[in-house]
Number of protein chains: 2
Amino acid sequence: MSGKDLPSRRIAEELRRRIAAGEFTEDGKDGKLPSERKLAADHDAARNTVREAIRQLAEQGLVDTHHGKGVFVRRRRQLLRFGDRYSKRLREETGVSPYRAELAKQGLTPRVDCPSITRVSPPSDVAERLGLSETDSTVARRENWYYAVGEGEEFPVQIGITYIPWEIAEGSVLSYSADMGKGSLYARFEDLGHPIAASREEVSARMPDPDEAEGLSIPDGVPVLEILHTGIDDQGRPFEVTKFVIRADVGGLDYTVPVKD
Amino acid sequence: MSGKDLPSRRIAEELRRRIAAGEFTEDGKDGKLPSERKLAADHDAARNTVREAIRQLAEQGLVDTHHGKGVFVRRRRQLLRFGDRYSKRLREETGVSPYRAELAKQGLTPRVDCPSITRVSPPSDVAERLGLSETDSTVARRENWYYAVGEGEEFPVQIGITYIPWEIAEGSVLSYSADMGKGSLYARFEDLGHPIAASREEVSARMPDPDEAEGLSIPDGVPVLEILHTGIDDQGRPFEVTKFVIRADVGGLDYTVPVKD
DNA sequence: AACCAGTACTGGTTCAAGCCAGTTGATGGA
DNA sequence: TCCATCAACTGGCTTGAACCAGTACTGGTT
């Protein structure tokens with residue numbers, strides 16, 4: 001046995017069963033569960049006990065609650081898979097960014113927002129990867145928000161914060177313009193003598209902090225993937241670090257890496 | 001403003017501040033917070049309100065609760081970073097597995113448990129990646145649990161479930177023995193004519209299901225990384241799929257991938 | 001038709017109380 | 001000395017009540 005026989009668990013278990021059976025989602029139904037007060041009466045339990053059960057389901061990502069409306073079965077969206085983001089061939093042949101291509105597979109269109117470009121001191125993890133001193137150097141900081149638009153809804157997918165050593169970015173569009181022109185970011189780096197040759201990606205997962213949860217409208221019980229990406233040029237020099245934060249309920253990663261002998 | 005001014009939020013906020021200030025962890029202290037009943041009295045609030053505040057902290061991964069003992073500040077462990085797991089050179093030169101090497105950096109020793117080797121029908125995602133029919137084929141299923149041992153404590157890190165087409169595993173140690181001999185798994189695949197040449201890794205993050213949470217003793221508010229790994233040989237044939245589930249509070253990934261022109 | 005107010009729902013938060021269950025340390029007997 | 005017992009903690013769970021806050025519909029007024 002893996003769980004104790006408590007009222008809240010029993011109620012949660014029963015709701016899980018009914019959700020799996022499609023009781024709330026079949027035909028014309030909108031996925032709405034009975035109200036907390038009704039469930040409490042049905043199970044002869046206190047409303048707080050039902051709330052505890054629903055909290056367990058929400059934590060598990062099975063339902064969403066909406067104040068004033070009700071509790072709804074969360075419909076599973078197929079994950080977007082991001083990989084191969086830097087290939088020059090892709091960049092030149094298809095003319096569309098990998099982000100756009102992946103969204104297109106699911107009938108979605110991207111919207112990217114670049115709310116700020118600033119000049120700052122690098123955070124310590126970024127400075128370390130760029131081989132810079134944390135205090136004696138500055139970097140250009142470009143913040144990008146990625147959204148997906150489709151079927152009358154728009155939702156945020158990921159945030160990317162790119163740090164570029166100031167001595168590289170200085171004078172280039174990288175340091176001041178949201179629009180980076182044909183071929184986008186990595187074409188500009190190539191112009192500047194840093195063609196991307198390798199990418200290091202350090203991947204972690206964690207719960208979003210409250211600001212991220214709000215900004216990315218992340219439902220309860222959904223973690224984020226955090227990727228610390230370092231761009232490395234043909235000389236082995238790191239020239240750019242980007243910190244991605246991806247909603248794990250809408251996005252994942254897909255790497256195909258050759259294995260070295 | 002990002003949060004409402006509710007009693008439970010205020011209490012959580014104050015505890016966050018005191019935790020950050022090191023009030024519970026400095027010098028000889030063991031990181032224990034005041035009891036729920038004491039906090040309730042101090043803040044002139046109901047015990048349930050304090051519990052709600054503590055639940056928020058636990059969800060955020062700041063504290064652990066222990067029934068009968070108290071609430072403790074969670075000490076952050078440096079993440080283990082797994083990458084480059086398949087290199088033949090590493091395998092032959094160092095003689096130690098990458099898993100062992102990464103743990104050694106932090107003064108930990110691995111323990112690996114192989115509780116079961118069975119013959120089953122492949123799950124659909126696995127069958128798809130191996131190019132098999134879900135119903136007309138069988139695979140060897142090897143389940144491995146990875147633990148870290150150090151300083152009088154042992155904790156689980158990840159689970160790996162490896163699926164191998166039966167026609168490949170049949171007759172080999174892969175199909176029946178926990179001990180795979182010198183060079184381990186990928187050396188055996190090489191013996192069988194499938195030297196690993198590339199690895200595809202599909203990465204997602206999610207909350208653990210209740211069984212995983214128990215089996216991996218995952219604290220509240222900690223997600224897992226799920227990696228669906230496909231081993232590909234020098235002919236481009238997939239010969240093995242492993243599903244890893246990693247506790248995100250102890251482990252992450254580290255890929256360095258060349259960028260194709 | 002357009003608007004607004006009222007009302008009856010929904011979940012969100014807090015309260016005070018009680019009992020259950022795991023942990024710890026003191027007490028006292030063998 | 002050793003060990004069982006007990007008391008006094010700790011958090012875990014449930015109850016039932018009250019009130020707040022967001023939503024949607026209804027009916028009346030304009």
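Order of the sequence lines sets the chain letters (A, B, ...), proteins ahead of strands, with each chain counted from 1. Computed from a predicted structure; not experimentally measured.
Between D:dT10, C:dG18, C:dT13, one nucleotide has an atom nearer to the side chain of B:Arg9 than all others, and that is C:dT13. When distances are taken from the side chain of A:Ala46 to each of C:dT13, D:dT15, D:dG11, the shortest belongs to D:dT15.
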**Q.** Audit row: A:His43, A:Glu14, side-chain hydrogen bond (donor to acceptor under 3.5 Å, both in side chains) steps and yes/no
**A.** CA-CA 10 Å; A:His43 290 84; A:Glu14 198 219 294; 2.6 Å; yes
Q: Please report the C-alpha distance between A:Glu52 and A:Gln56 in whole Å, then the side-chain angles of each, then the deciding distance to 0.1 Å, and finally whether the side-chain hydrogen bond (donor to acceptor under 3.5 Å, both in side chains) criterion is met.
A: CA-CA 6 Å; A:Glu52 168 61 22; A:Gln56 290 169 26; 3.1 Å; yes
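Residue B:Thr65 has no polar side-chain atom (N or O) positioned under 4.0 Å from OP1 or OP2 of D:dG11. Side-chain N/O atoms of B:Ser35 include one lying less than 4.0 angstrom from OP1 or OP2 on D:dT10.
In summary, the side chains of B:Ser204 and B:Glu202 do not present any donor paired with an acceptor at a separation below 3.5 Å, with no hydrogens or angles considered.
Taking atom CD of B:Glu36 as the reference point, atom C1' of C:dC20 lies 14 Å away to the nearest angstrom. One atom, CZ of B:Arg37, and another, C1' of C:dA16, lie 13 Å apart when rounded to the nearest Å. Nucleotide C:dC15 holds its P atom 7 Å from the CD1 atom of B:Ile11, rounded to whole Å. Atom CG in B:Leu33 sits roughly 19 Å away from atom P in D:dC9 (whole-Å rounding). Atoms CG (B:Leu39) and C1' (D:dG11) sit 12 Å apart, rounded to a whole Å. Computed from coordinates, the A:Asp220 CG to C:dG11 P distance equals 15 Å when rounded to whole Å. As a whole-Å value, the separation of B:Lys69 NZ from C:dG22 C1' is 10 Å. Atoms CG (B:Asp44) and C1' (C:dC15) sit 12 Å apart, rounded to a whole Å.
The two residues B:Ala148 and B:Leu103 come nearest to each other via the heavy atoms CB-CD2, 3.6 Å.
A salt bridge links A:Arg247 to A:Asp249: at least one charged side-chain nitrogen sits closer than 4.0 Å to a carboxylate oxygen. Salt bridge present: A:Glu212 and A:Arg206 bring a charged side-chain N and a carboxylate O closer than 4.0 Å. Salt bridge annotation for A:Arg16-A:Glu13: present, with a cationic side-chain nitrogen under 4.0 angstrom from a carboxylate oxygen.
Applying the 3.5 Å distance criterion, the base of C:dG22 shares no donor-acceptor pair with the side chain of B:His67.
Shown for residues 49-61 of chain A: residues whose heavy atoms fall under 4.0 angstrom of DNA chain C, namely A:Arg51.
With both pairing distances under 3.5 Å, D:dC9 is matched to C:dG22 as a Watson-Crick or G-U wobble pair.
Toward the 5′ end of DNA chain D lies the nearest nucleotide of B:Lys32, the other residue of the pair B:Asn48 and B:Lys32 mapping further downstream. Of the two residues contacting DNA chain D, namely A:His66 and A:Leu6, the nearest-nucleotide position lying further toward the 5' end is that of A:Leu6.
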